Each structure stands twice: as C-alpha cells, then as structure tokens.
2 protein chains.
Amino acid sequence: MPDTKKPSRIQMRNRRVILDAALDVFSRHGYRGATLDQIATEAGLSKPNILYYFNGKEEIHVTLLSQLMETWLDPLVEMDAGGDPLDEILAYVQRKLDMTRDLPRESRLFANEILQGAPRMGSQLHDGLKPLFDEKCAVITGWVAAGKLAPVDPRHLLFSIWATTQHYADFEVQVDTLLGGGAEVFDGAAAHLETLFRKLLTP
Amino acid sequence: MPDTKKPSRIQMRNRRVILDAALDVFSRHGYRGATLDQIATEAGLSKPNILYYFNGKEEIHVTLLSQLMETWLDPLVEMDAGGDPLDEILAYVQRKLDMTRDLPRESRLFANEILQGAPRMGSQLHDGLKPLFDEKCAVITGWVAAGKLAPVDPRHLLFSIWATTQHYADFEVQVDTLLGGGAEVFDGAAAHLETLFRKLLTP
DNA sequence: CAGAAATTTTACCATTTGGTAAATCCACGA
DNA sequence: TCGTGGATTTACCAAATGGTAAAATTTCTG
C-alpha cells in the first residue's frame with residue numbers, strides 16, 4: 001500500500017493521472033459500465049499498475065466521489081447570510097452554472113451516482129450535504145421572513161437551481177441536439193436563469 | 001422470431017412482463033449495469049426464455065426507449081397553440097410533473113441514456129424530439145411576440161421545465177434524503193413550479 | 001385424442017472483467 | 001557503482017455475463 005506514508009512525486013502524478021482517466025470513464029459510462037481496462041488505457045498505464053495505486057475499482061470511484069463532494073458544495077457554502085439576499089442567490093446560480101460549464105464530467109459523475117440510488121454515497125449525502133442544505137434553507141427562510149425575498153419554499157428553490165444548472169451538463173447531448181451545439185449555449189442559459197430566479201424572488 | 005405474425009396471448013403477456021422487469025433493472029442500473037440474469041429473475045423467467053422473446057439485451061433496451069419516446073413527448077404535443085398561452089404552459093408543467101411522479105422509472109431510463117451520450121437513441125432525439133421542439137418553440141415565440149407572455153427564450157424555458165420536473169424522479173434519492181421522504185413532496189413541487197413559471201411568464 | 005407448433009428448460013460456451021502472484025525493471029541514496 | 005525498495009510488467013485465474021443448441025414440455029388445433 002503506497003498510501004501509508006508520504007507519497008512520492010511519481011505516486012502523486014500517477015494517482016492524479018488515474019483519477020483523471022477514471023473521471024472520464026465513470027462519468028461517461030457509470031460505475032458498472034466503466035471497466036478497469038478502459039481506465040488503464042485512458043491513463044496510459046497497465047491494469048495491474050493501476051491496482052498498485054488503488055485497492056480496486058470501487059476505491060477509485062469512492063475517491064472521486066469524496067473529492068467531488070467538496071467541490072460540489074463549495075458554491076453553496078459561499079452563499080453569505082450577511083450579504084444582499086437577491087444578489088447572494090443570483091450569484092450562487094451563476095457560480096453553479098459556471099461549475100456546470102467548467103466541470104461537466106463531475107456533474108455527470110454525480111448524476112450517475114444519484115440516479116443509481118447513491119449506493120456508494122448515501123452517507124455523504126446525509127452527513128455532508130444535508131446539514132449544509134438545512135443551514136442554507138434557514139438562511140433563506142430568514143430572508144423571506146424579513147421581507148427581502150418574495151415568499152418561496154427554500155427547499156424547492158434550491159432543487160430548481162440545481163436542476164436547471166446541472167441540466168446543461170447532464171443532458172448535454174440533448175441540449176446540443178436541440179440547439180445545434182456551440183459555446184454560446186451557456187450565455188443564453190445564464191441570462192435565462194438570471195431572469196427566472198430574479199422574477200421569482202423579487203419581493 | 002415470435003414477432004413475425006400476430007402475437008399469441010402468452011407472447012403478449014410475457015413480453016409485457018419482460019419489458020416491465022427490464023424497465024426496473026435498466027432504470028436502476030443503466031444499460032451496462034443491468035444483466036439479463038437480473039431481468040430474468042425479476043420477470044420470473046429463465047434467461048434463455050427471455051432470449052426467446054427478444055433477440056438480445058440491446059433489443060430489449062431499444063424497445064423500451066422507443067415506447068418511452070411516445071409517452072415522453074405526449075405532454076408537449078398536447079400544448080395547444082390556440083389556447084391561452086400562460087394556461088397552456090402552466091398546464092404543460094403540471095402534466096410533466098405528473099409524469100415524473102407516476103413514471104419515475106421511465107424518467108430515470110431516459111436520464112441514464114442521455115447521460116451516457118444517447119448511444120442507442122441519438123436518431124430518436126433528432127427525428128422525434130427536435131421537430132417537435134422547434135415547432136413548440138415557434139409557438140412560444142409567437143405568444144411572446146403577441147405580448148401574451150413576458151419575453152423569454154423558448155428553448156431555455158423548455159429546458160428549465162424539463163430539468164425542474166424530472167429532477168424529482170432522477171434525483172429522488174437526494175430529494176428524499178434532504179426532505180425526509182413522503183408523498184407530499186410533489187404537492188410542494190407543484191406549487192413551487194407553478195409560482196416559478198407564472199412569475200417568469202406573466203407579461 | 002393425435003400431432004404439430006409454440007414454449008420452456010437443461011446444459012453448455014466464449015468473452016469479458018476485476019483481481020492476483022511473482023518476476024522484472026528502475027531510480028536513487030550510501 | 002552497487003544494492004535496495006519502489007514501480008511495472010507478464011502471465012494468469014475465477015466469476016460473471018451475453019448468448020446458443022437442442023432436448024423436453026406445454027399448448028393449441030383438427
């Protein structure tokens with residue numbers, strides 16, 4: 001097990017290479033649809049070599065999901081209870097949309113895992129996401145109570161924000177088929193979502 | 001091949017049983033994650049028996065996707081260019097949400113397929129969905145031009161409707177974890193989405 | 001009921017896949 | 001430069017999986 005002490009330079013590099021390849025493969029094919037051979041090929045390493053760095057397919061997947069969780073929650077963590085309510089939420093929508101554009105593989109990895117019932121992630125949802133979710137819901141409820149936002153169910157509001165932003169990564173193929181592809185998709189999406197949530201929340 | 005002439009009663013029954021079991025398994029585990037043995041067990045038949053009714057795993061999957069396409073487009077087809085714009089769109093949102101509640105397996109089957117890049121569905125997106133999408137976008141554009149709706153990009157509007165409604169099936173595990181489960185989820189969702197899109201679209 | 005046709009089971013098979021053991025290679029500090 | 005521990009490859013394996021052939025059984029029809 002190379003992870004008992006401090007990792008060498010070569011270990012750092014190969015672990016990163018493997019995780020990057022695995023992210024590609026897992027996000028495209030889901031956990032069971034991904035194979036170690038695919039990951040190995042994409043990483044430019046042999047399969048046994050990969051198993052020298054990770055104890056098995058599942059450990060690679062779990063490692064990716066753990067790392068993802070931090071990145072994923074970050075934009076919501078940054079939502080500041082002391083800021084201007086409408087600005088804070090609209091900025092959050094933009095951060096989330098930026099993440100969808102810049103990290104579509106991560107979005108699809110997450111979507112895949114949730115779709116299959118979160119078999120390797122249930123605890124992280126409960127222990128990592130739920131407390132943050134409850135905290136931010138309370139913040140939004142406070143904003144509504146103070147008359148700074150139009151009345152809204154904060155839980156369904158957050159669901160709507162997640163759904164509308166992640167849609168552009170998770171359903172990318174459909175979006176591209178219907179719009180004809182192109183990078184300007186996200187400009188249109190940004191404008192649309194800003195309007196959508198501004199109109200909903202303006203008191 | 002039992003599908004050359006008119007199917008017998010026993011064929012009708014078994015094909016239905018198999019497709020129902022396959023929908024369960026494919027929607028939970030994705031195409032590659034599903035196994036014929038699982039489908040066979042769930043259907044109460046033997047694996048070779050299943051292959052007597054379908055020529056292979058892929059044929060079962062494709063059959064499900066084809067059947068799904070009709071069901072899936074139906075709510076949008078019903079949107080009437082001659083009706084009241086706001087009513088028509090809000091009614092469409094409700095129909096879509098009802099479908100998400102009543103057919104969550106179908107929603108997840110579709111999501112799985114799109115997530116993986118629609119490898120067995122690309123043509124149906126292009127030939128089935130796109131024409132309808134373009135047609136309804138034109139209708140909405142007409143409504144906006146006539147001043148019946150607030151200015152909106154019809155394409156992103158439809159994306160938002162799809163994303164927010166299907167979210168409750170595709171991310172069911174997450175929604176249940178965060179809300180504590182319960183059937184009243186959809187009541188809250190219905191109220192929230194009605195408000196969301198009403199505020200967006202009211203001129 | 002007899003025989004044909006449809007249906008189901010039994011017994012397989014080839015390939016893929018996650019994983020392992022052991023031999024080999026290689027970088028690097030003494 | 002030489003030896004040692006980390007890194008990599010080669011050669012496997014057992015289980016799972018999609019699929020098939022053919023025998024056995026059930027169902028339908030005259």
Side-chain angles (χ1 to χ4, degrees), chain A residues 1-65 112-113 116 119-120, chain B residues 1-65 112-113 116 119-120:
Chain A
M1 298 149 202
D3 44 34
T4 42
K5 280 289 174 182
K6 41 190 64 172
S8 70
R9 224 165 301 138
I10 203 167
Q11 279 194 29
M12 297 269 281
R13 174 175 55 84
N14 279 350
R15 283 182 70 99
R16 247 208 328 271
V17 166
I18 292 169
L19 287 174
D20 189 70
L23 177 57
D24 255 43
V25 178
F26 280 130
S27 68
R28 262 208 308 276
H29 305 291
Y31 179 74
R32 292 207 52 188
T35 73
L36 285 179
D37 292 278
Q38 264 179 293
I39 296 172
T41 299
E42 191 128 341
L45 299 171
S46 68
K47 182 167 63 176
N49 203 179
I50 280 188
L51 292 167
Y52 173 73
Y53 290 100
F54 292 91
N55 286 321
K57 183 182 178 182
E58 183 159 355
E59 189 180 294
I60 302 178
H61 194 244
V62 168
T63 302
L64 281 175
L65 289 177
N112 256 308
E113 179 68 8
Q116 333 250 306
R120 272 165 289 278
Chain B
M1 299 151 205
D3 42 34
T4 41
K5 281 290 175 184
K6 42 189 64 172
S8 70
R9 223 165 304 137
I10 204 167
Q11 279 194 31
M12 297 269 281
R13 175 175 56 84
N14 278 351
R15 282 183 70 100
R16 247 208 328 270
V17 166
I18 292 169
L19 287 174
D20 189 70
L23 178 56
D24 255 41
V25 178
F26 280 129
S27 68
R28 263 208 307 277
H29 305 290
Y31 179 73
R32 294 207 49 190
T35 72
L36 285 178
D37 292 277
Q38 264 179 292
I39 296 172
T41 300
E42 192 128 339
L45 299 172
S46 68
K47 181 167 64 178
N49 201 180
I50 281 187
L51 292 167
Y52 172 74
Y53 290 99
F54 292 91
N55 287 322
K57 183 182 177 181
E58 183 159 355
E59 189 179 295
I60 302 177
H61 194 243
V62 169
T63 302
L64 281 175
L65 289 177
N112 256 308
E113 180 67 8
Q116 333 249 302
R120 273 165 288 279

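Every heavy atom of this structure was used, including side-chain atoms; hydrogens, water molecules and symmetry mates were not. As the structure is a computational prediction, the values presented were derived from the model and not from experiment.
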### Message
Any donor-acceptor pair, under 3.5 Å, between the side chain of B:Lys47 and the base of D:dG18, if you only look at N and O atoms?
### Response
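Flag set: donor-acceptor pair detected.
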
Please report, rounded to the nearest Å, how far the [atom2] atom of [N] is from the [atom1] atom of [X].
X       : N      : atom1 : atom2 : value
A:Asp37 : C:dT15 : CG    : P     : 16 Å
B:Tyr52 : D:dA22 : OH    : C1'   : 14 Å
A:Met12 : D:dA7  : CE    : P     : 13 Å
B:Asn55 : D:dA21 : CG    : P     : 12 Å
B:Gln11 : C:dA5  : CD    : P     : 15 Å
A:Arg32 : C:dT16 : CZ    : C1'   : 12 Å
B:Asn49 : D:dG18 : CG    : C1'   : 16 Å
A:His61 : C:dG18 : NE2   : P     : 13 Å

Does [X] reach a base, just sugar-phosphate, or nothing at all? Heavy atoms under 4.0 Å.
X       : value
A:Ser46 : base
B:Leu36 : sugar-phosphate
B:Arg13 : nothing
B:Ala34 : sugar-phosphate

### Task
Hey, which sits more toward the 5' end of DNA chain C by its nearest nucleotide, A:Gly33 or A:Pro48?
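Its nearest nucleotide being more 5', the pick is A:Gly33.
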
### Message
Taking side chain to side chain contact (heavy atoms under 4.5 Å, CB included) as the criterion, tell me which of A:Thr35, A:Asp37, A:Thr41, A:Ile39 meets it with A:Lys47.
### Response
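Of the listed residues A:Thr35, A:Asp37, A:Thr41, A:Ile39, the side chain to side chain contact (heavy atoms under 4.5 Å, CB included) partner of A:Lys47 is A:Asp37.
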
### Query
Among D:dT17, C:dT7, C:dG18, which nucleotide sits nearest the side chain of B:Tyr53?
C:dT7

### Query
Which nucleotide sits closest to the side chain of B:Asn14: D:dT8, C:dG18, C:dT8?
C:dT8

### Query
Using the ring of each side chain (for Trp, its six-membered ring), is A:Tyr31 parallel, tilted or perpendicular to A:Phe26, with breaks at 30° and 60°?
parallel

### Message
Do A:Arg32 and B:His29 pair up side chain to side chain, a donor and an acceptor below 3.5 Å, judged on atom types alone?
### Response
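Judged by distance alone, the side chains do not pair up.
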
### Query
Is it true that a side-chain atom of A:Arg120 and a backbone atom of A:Glu58 form a donor plus acceptor pair closer than 3.5 Å?
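The answer is no, because no donor-acceptor pair under 3.5 Å joins these two groups.
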
### Query
How long is the gap from CG on B:Leu19 to NE2 on B:His61, to the nearest 0.5 Å?
11.5 Å

